[in-house]
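What follows is one structure encoded as structure tokens, with my remarks underneath.
Only a predicted model underlies this, so the values are computations on that prediction, with no experimental measurement involved. Just so we're on the same page: letters track the sequence lines, and every chain starts at 1.
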Number of protein chains: 2
Amino acid sequence: MTGDRPTKERIIDATLETLRVDGFAGTSARTIARRGGLNQALIFYHFGTINDLLLAALDRAAMERREHYEEAMRDAADARDLIEVAARLYREDLEAGHITVLSELIAGSLTEPSLGPEIVARMQPWIDLAEGAIARAIEGTFVRELVQPRDLAFALVALYLGVDLLTQLDGDHARAESLFEVGRRLTVTMSMLEDGAD
Amino acid sequence: MTGDRPTKERIIDATLETLRVDGFAGTSARTIARRGGLNQALIFYHFGTINDLLLAALDRAAMERREHYEEAMRDAADARDLIEVAARLYREDLEAGHITVLSELIAGSLTEPSLGPEIVARMQPWIDLAEGAIARAIEGTFVRELVQPRDLAFALVALYLGVDLLTQLDGDHARAESLFEVGRRLTVTMSMLEDGAD
DNA sequence: GTCTATACTTGGATAGAC
DNA sequence: GTCTATCCAAGTATAGAC
């Protein structure tokens, strides 16, 4: 099955799995190699440094995920759609362990300062994506006069990240669901106000 | 000046300063000892393990801070007051480096799994504090029918944490200020709706 | 490209003298 | 309580044979 995957890909596979299972702390050249049944020296041959490998792993995970996000968000016409789409994507991310990988790398980029700027640069496209979706969802409503899509997008990404981290820390996934429920009610209220106003 | 401070206190001082300056990654028994002009072995004599020292440092920073928060929030009667108080406290935290210490320890608690549960337990009082303030601020308004103070408190703490981390990573403090501006407008809108509804 | 072996560094922690 | 000296584990990374 994985036997004929190129070594470089197998290293990335093993890296993502190690991040998911053992966290950033447990992700070293040695543990990655052990999990992937690979020789440790191959990592340095193919990627040079561990940091470059971690970034390569993040890039691959993000690329696969971004298409999915863009497609799902294209279909969301208003704020109420968007909330449902966001809740679904969050659940998928959680299931697939993408959330774990992201949280671990963000936390790790504080721990490993040389990683910081690279991680930040890779988050910008996600903020842009959120901004576009939000801009479409609130266009022509009174909310548009109240907040900049850019600020809301940043807040949303920050909130997502904070919830990830706290959830990661105490394993309580129910609270994320409560938040989506709050979002639902807020968007319902918003559209009621909107209908009453116009 | 600091000469007659007990050694245990001096170790905690040096730990907090190291977390602020060098981050979690740069905080080891050796770096703490060097910064504090202390002998490395003293750390283990007084605290046993590095983790216990980090938790002791967090406890001291939190204790000093919590009184200040409780006092400031007691004076906030409604949501508009609360936003102003929150913005002021955030700026103070930023200035004093409390935000750095907290972010580093949260990130570090993902990196150092044995730290995780302890850090989570120490965040709960802050969520409770936020919940109480929010409950008072939205009591008797239509918002109370829309969301649970508990959910909003969790979201707020998560947002605070996420903003901290991103700010920490890219050094852009302006965006946090934009968010307080958004909060201001939302609370103004909220009280306008409230006045119109009652 | 892949392997073994190893150099080098840093960190947590302890033993034992003072 | 404080110091010096040291052990041991784990990490990144490279040299050199195959």
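With rounding to whole Å, A:Asn51 atom CG is found 9 Å from D:dT12 atom P. One atom, CD1 of B:Ile50, and another, P of C:dT14, lie 11 Å apart when rounded to the nearest Å. For the pair A:Arg34 CZ and D:dT12 P, the computed distance is 12 Å after rounding to whole Å. Between the CG atom of B:Asp22 and the P atom of C:dT10 there is a distance of 14 Å, rounded to whole Å. The distance between atom CG of A:Leu54 and atom P of D:dA13, rounded to the nearest whole Å, is 11 Å. Across the protein-nucleic acid pair, B:Arg5 atom CZ and D:dG1 atom P stand 16 Å apart, rounded to whole Å. Atom CD1 of A:Ile43 is separated from atom P of C:dT4 by 14 Å (rounded to the nearest Å). Protein atom CZ of A:Phe44 is 15 Å distant from nucleotide atom C1' of C:dT2, rounded to whole Å.
Contact annotation: A:Thr7 side-chain N/O to C:dT2 OP1/OP2 distance is under 4.0 Å.
Taking the side chain of B:Asn39 as heavy atoms from C-beta on, and the options C:dC3, D:dT4, C:dG12, the nearest nucleotide is D:dT4. Looking at the side chain of B:Tyr45, the nearest of the listed nucleotides D:dT12, D:dG1, D:dT4 is D:dG1. Taking only side-chain atoms of A:Ala41, from C-beta outward, the nucleotide of D:dA15, C:dG12, D:dA13 with the closest atom is D:dA15. Out of D:dT12, C:dG11, C:dA13, the shortest distance to the side chain of B:Thr49 is found at C:dA13.
Donor-acceptor pairing under 3.5 Å is lacking for the side chains of B:Asp22 and B:Thr31. With hydrogens and angles left out, the side-chain atoms of B:Tyr45 and B:Asn39 include no donor and acceptor closer than 3.5 Å. With hydrogens and angles left out, the side-chain atoms of A:Ser191 and A:Asp78 include no donor and acceptor closer than 3.5 Å.
For CD of A:Glu9, the number of neighbouring non-hydrogen atoms (other residues, nucleotides, ligands) closer than 6.0 Å is greater than 12. Other residues, nucleotides and ligands place more than 12 heavy atoms under 6.0 Å from the CD atom of A:Gln124.
Of the residues near DNA chain C, A:Gln40 and A:His46, the one whose nearest nucleotide (by heavy atom distance) lies more toward the 5' end is A:His46.
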